[in-house]
Amino acid sequence: ERIEAGEVMVLVVSQGILRLSPMLDWLVDHSPNTMLTIVDEAHHIRNPKSHLHSAVTMLSLSSERVVLLTATPVNLSTDDLFVQLSQLAPGRWPDAHAFTRSLRPGTILNNILDLLATESPDLDAVDDLVMILEHTVGFSGDTRLEMLATLVREMHWGEETTPNLRLATADLVRRLRPLNGLVVRSRRRDLDWQQPCRKAITLDIRLQEEEWNLYVEARDWSQRLMELRRPDDDVWDWAMLVPERMASSSLQAYASHVLGQMRDAARLALDLDQEPECGDNGVDAGEVIGVVGLDRVERRLLSRIGNPEALISAAENLGGVDSKFDALLIWLTESLRDDEVGGVILFSHFRGTLAYLLRRLREAGFTTELISGSTKMGERERIRTSFANGDFDILLSSEVGSEGLDQQHCHRMVNYDLPWNPMRLEQRVGRIDRFGQMADEITVLNFAVEGTIDAAVLGRLYSRIKMFEQSLGMLD
């Protein structure tokens with residue numbers, strides 16, 4: 001009512017509210033006029049079919065100014081960036097293909113910046129790239145490009161003049177970027193504050209025989225799922241690799257998952273959560289389990305999509321072996337012994353891994369808390385504040401903790417498993433590498449389990465980093 005009455009106000013709305021159908025209906029019916037719309041974590045609108053995207057579209061169309069804020073604009077492809085920027089400039093690009101094509105000169109400009117960043121810039125290579133731009137539609141005849149060519153070809157790049165020429169040339173290159181006027185990008189290195197040095201540590205893990213057997217079976221099971229979903233297709237479906245990724249994250253948690261899933265499937269099929277009922281032969285369900293045996297029921301169910309015997313056997317034979325956790329325990333013990341201040345924040349993509357680590361770390365004597373998607377907002381804030389006050393040693397977090405929960409008091413982070421998206425990885429590190437971090441060095445611990453999918457995940461990370469840098473420039 002106050003909005004409809006035209007009252008001047010600042011209104012803060014969560015993205016969760018905007019996702020509700022009644023809110024979308026209200027926006028369609030009323031189209032409230034606003035002076036300024038600011039969308040934080042704007043990468044969440046990248047799905048054009050979502051209610052959130054539709055709601056933001058309605059707000060943008062009726063707003064005089066629109067600002068989108070995000071540290072991770074590119075998720076899977078440049079299509080994500082196209083969807084977001086189309087909110088700011090609707091109709092500028094007819095489709096995603098046209099948008100991608102418009103970014104191609106940006107790749108050349110970013111390559112020029114890379115060359116200029118070296119101690120002794122290769123001016124011949126820079127000149128070759130400038131010549132390409134001079135023959136590119138939209139750049140030919142641009143006075144900024146002419147000034148750039150003059151700096152590269154006619155100025156003397158000596159020991160004393162190179163620093164200033166590099167700055168002037170780089171400034172012209174940035175001004176030529178295709179997305180200028182729509183994108184303002186701030187990197188920490190461009191800001192005037194003391195930055196900590198990032199120290200990355202990788203622990204190489206070699207699996208024992210029992211662990212390797214389970215991992216191989218998890219990999220084969222993933223392959224079976226892909227064949228079931230795409231029997232006539234050679235496309236590698238990353239979504240179907242979840243079993244293998246779970247095993248790479250924590251073999252102990254995966255073994256529990258395998259055996260637990262079978263029990264749940266059997267109970268669901270036999271309706272064990274209901275009151276016992278008599279069958280045609282007068283035997284109730286409870287007696288069926290006693291006679292048939294739960295293991296046989298589980299195997300019978302899962303055999304419909306493949307033979308799970310080897311997977312089940314490997315999970316049962318794993319025992320208490322956990323080479324990855326043993327390596328983590330050694331590192332944590334030494335790190336917290338040498339420096340008790342700040343604690344450690346550990347990220348994992350899988351809830352099973354986090355639950356397993358919570359139990360094992362507490363058993364090992366570490367005071368540990370967990371934040372996941374099921375943690376209520378009030379409880380998240382309590383845990384965050386308690387961690388900042390040094391009330392416990394280790395904070396375990398799912399991806400939900402990589403946005404909005406600032407932990408700049410902490411200077412150590414563990415990636416127990418790696419996300420496929422470098423933007424997600426940067427969000428994780430950004431929880432501690434941010435304004436207010438007083439440590440001279442922050443430590444990021446990663447694991448590389450020999451022979452596992454970790455290598456493929458790293459390759460996917462590198463390819464997406466390249467995609468980001470071709471669109472928006474180098475990462476920090």
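This structure is a prediction, so every number in the text was calculated from the model and none was measured.
L207 places a side-chain heavy atom less than 4.5 Å from the side chain of V449. The shortest side-chain heavy-atom distance between S249 and Y254 does not fall under the 4.5 Å cut-off. No side-chain heavy atom of P121 sits under 4.5 Å from any side-chain heavy atom of L115.
Around atom CZ of R359, more than 12 heavy atoms belonging to other residues, nucleotides or ligands sit under 6.0 Å away. Atom CD of E441 has more than 12 neighbouring heavy atoms from other residues, nucleotides or ligands inside a 6.0 Å radius. No more than 12 heavy-atom neighbours from other residues, nucleotides or ligands sit within 6.0 angstrom of CE on M35.
Between M413 and the choices V344, V444, N446, the side-chain contact (heavy atoms from CB on, under 4.5 Å) rule is met once, by V444. Looking at L59, V56, L18, V67 one by one, the single match for side-chain contact (heavy atoms from CB on, under 4.5 Å) with V39 turns out to be V56.
Side chain of R19 to backbone of L52: no donor-acceptor contact under 3.5 angstrom is found. The closest donor-acceptor contact from the side chain of T34 to the backbone of T37 lies at 3.5 Å or more, if one exists at all.
Judged by distance alone, the side chains of R412 and S335 do bring a donor and an acceptor atom under 3.5 Å apart. Residues S250 and T353 have side chains that never bring a donor and an acceptor to within less than 3.5 angstrom of each other. With hydrogens and angles left out, the side-chain atoms of Q84 and T70 include no donor and acceptor closer than 3.5 Å. Neither side chain, H411 nor D440, offers a donor N or O lying under 3.5 Å from an acceptor on the other.
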Show, in sequence, the C-alpha distance, side-chain angles and deciding distance for D122 and T118, and conclude whether the side-chain hydrogen bond (donor to acceptor under 3.5 Å, both in side chains) test is met. CA-CA 8 Å; D122 185 344; T118 60; over 6 Å; no

Derivation and outcome, salt bridge (Lys or Arg N to Asp or Glu O under 4.0 Å), residues D417 and R428: CA-CA 12 Å; D417 45 55; R428 287 181 178 185; 3.7 Å; yes

Would you please test H409 and F387 for ring-ring contact (aromatic ring centres under 6.0 Å, His included) and show each step? CA-CA 9 Å; H409 68 279; F387 186 45; 4.8 Å; yes

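Taking 4.0 Å as the cut-off between side-chain N and carboxylate O, R362 and E369 count as a salt-bridged pair.
Residues satisfying the salt bridge (Lys or Arg N to Asp or Glu O under 4.0 Å) criterion with D171, sequence neighbours excluded, are R175. For Y356, the side-chain hydrogen bond (donor to acceptor under 3.5 Å, both in side chains) partners are D322, R360, not counting sequence neighbours. Taking the salt bridge (Lys or Arg N to Asp or Glu O under 4.0 Å) definition, one finds that R382 meets it with E379, sequence neighbours left out.
With ring centers used as reference points, F347 lies 6.0 Å or more from Y416.
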